[in-house]
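The chains referred to below are lettered A, B, ... by the order of the sequence lines, with proteins before strands, and numbering in each begins at 1.
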Protein chains: 2
Amino acid sequence: MTVAARRGRPGHSLDSLLDVAVEVFNERGYEATSMDSLAERLGVTKSAIYHHVPSKVELLRLALDRALDGLFAVLAEPAATSGPAIDRLEHVVRGSVRVLTGELPFVTLLLRVRGNTEVEQHALGRRREFDRVVTDLVRLAEDEGSVRPDVDPAVTSRLLFGTVNSLTEWYRPGGPLTPDALADALVTTLFTGLRTTPPDFFGKKSR
Amino acid sequence: MTVAARRGRPGHSLDSLLDVAVEVFNERGYEATSMDSLAERLGVTKSAIYHHVPSKVELLRLALDRALDGLFAVLAEPAATSGPAIDRLEHVVRGSVRVLTGELPFVTLLLRVRGNTEVEQHALGRRREFDRVVTDLVRLAEDEGSVRPDVDPAVTSRLLFGTVNSLTEWYRPGGPLTPDALADALVTTLFTGLRTTPPDFFGKKSR
DNA sequence: CCTACCGATCGGTAGG
DNA sequence: CCTACCGATCGGTAGG
């Protein structure tokens, strides 16, 4: 393609538009973000954005699907579908950390969705489906004797993924903590516990 | 006071106004909530709200202070300031769960704040101060040998309170899970771990 | 991609 | 002069 063949401004791709939109949605909130403020950040007019997407909510849908598709892909991986439940659970946790760190802004946006629009409600539905799969996995691990039976599987899975999801609040890529090291710290803490020695482990009072 | 001495409508108190405001802020986001929508929920006009508070941001300030005051009160309790660091840490975790469940809407709002206004930035500053106290406590517990030393104290404290804070995403009072049972499940999971037996605990391969 | 707009709604305030 | 509001409207900005 010759230079002369290019018409108009270089412009933005849908991907770069989506990156900026998600960044601003995370800063200000989806509803509080105006299309004009997006346009200003992109250095174009509001109407230019409507060349790429038909509506504001379509930007949200694209962003949420990207996060959800990544998370569901983890559930479909071989290591998540066969073997001891405790190992499958650990794989899902590590895979979720990998997707969360790799697609951080998209997962962050997903976790802030409150169901105010149909698009948000659909995303919440997919999140609930993900939670069901994880809860079933925790229940299976309890049945197999590898997870402590004294905590309800639904509560356990929520604590587990509450911890994973909370990473969006502070983890920033490019720092000293790599995604793999982060996953190690999280799995160690949640699977083995913070304490050096479990209390009453040898049948004596710990204090 | 006689009945005849009361003038005007019975009206709303500042407290009931604040309760409704925080509820709507959590549903729609602070910025996306209009004073008119608050007025509609209260069954009064917008002007009536301005009789109680000088501005929208003042409602936010009152709500965030209530959450932060509750959390800082936990840090000042005797059980949080003396004794073995691991026990002080457990007390702060249990106290935070108690405040979170007791003042759920206020803490939920606090955790959604992103620093878009001066009031929000002040709240974020107080949250960072809380985090520093917890991190110091984790470091102390590591020095005392009661918390595993192979995870950075800053990471540990973030995982710990990431899990606590994630409770706002799913815990609802009035259900079968009491605040105390919730705190037990969380402390068990995080301090002792999900696994029934730590791998390599007796020097043999666990799998 | 822009200029030029729309129906409606924003946070906040007037007099009574 | 008080508390507890109301009906109407201000100058600007929202998504499309």
Exercise. Between B:N165 and B:R127, which heavy-atom pair has the shortest distance, and what is it?
Worked result: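 Minimum heavy-atom separation between B:N165 and B:R127: ND2-NH2, 3.8 Å.
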Exercise. Of all heavy-atom pairs between A:V151 and A:E142, which one has the smallest distance, and what is that distance?
Worked result: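 Here A:V151 and A:E142 meet closest at O-OE2, 2.8 Å.
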Interatomic distance where [atom1] belongs to [X] and [atom2] belongs to [N] [whole Å]:
X     : N      : atom1 : atom2 : value
B:K56 : C:dT13 : NZ    : C1'   : 17 Å
B:L14 : D:dC5  : CG    : C1'   : 16 Å
B:L38 : C:dC10 : CG    : C1'   : 13 Å
A:R28 : D:dT13 : CZ    : P     : 14 Å
A:I49 : C:dC2  : CD1   : C1'   : 13 Å
B:E58 : C:dG12 : CD    : C1'   : 15 Å
B:K46 : D:dC10 : NZ    : C1'   : 10 Å
A:M35 : C:dA4  : CE    : P     : 21 Å

Exercise. So how far is it from A:F25 CZ to A:K56 NZ, rounded to the nearest 0.5 Å?
Worked result: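 Between atom CZ of A:F25 and atom NZ of A:K56 there are 6.0 Å.
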Problem set entry | Distance, nearest 0.5 Å, that separates CD of A:E120 from CD of A:E31 |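 Those atoms lie 6.5 Å apart.
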For a quick test of reading the model: is some side-chain N or O of [X] closer than 4.0 Å to OP1 or OP2 of [N]?
X     : N     : value
B:T45 : D:dC6 : yes
B:S47 : D:dC6 : no
A:H51 : C:dC1 : no

Exercise. Nearest to the side chain of B:Y50, which nucleotide is it out of C:dT13, D:dC6, D:dG15?
Worked result: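 Nearest nucleotide to the side chain: C:dT13.
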Problem set entry | Donor-acceptor side-chain pairing of B:S157 and B:T135 below 3.5 angstrom |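 Indeed, the side chains of B:S157 and B:T135 share at least one donor-acceptor pair under 3.5 Å.
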Exercise. When the P atoms of D:dA8 and C:dG12 are considered, how many whole Å apart are they?
Worked result: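 Rounded to whole Å, the distance is 22 Å.
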For this session: Using a heavy-atom cut-off of under 4.0 Å over every strand shown, decide if A:T33 touches base, sugar-phosphate, or nothing.
Result: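 Counting heavy atoms under 4.0 Å across all strands, the contact made by A:T33 is with sugar-phosphate only.
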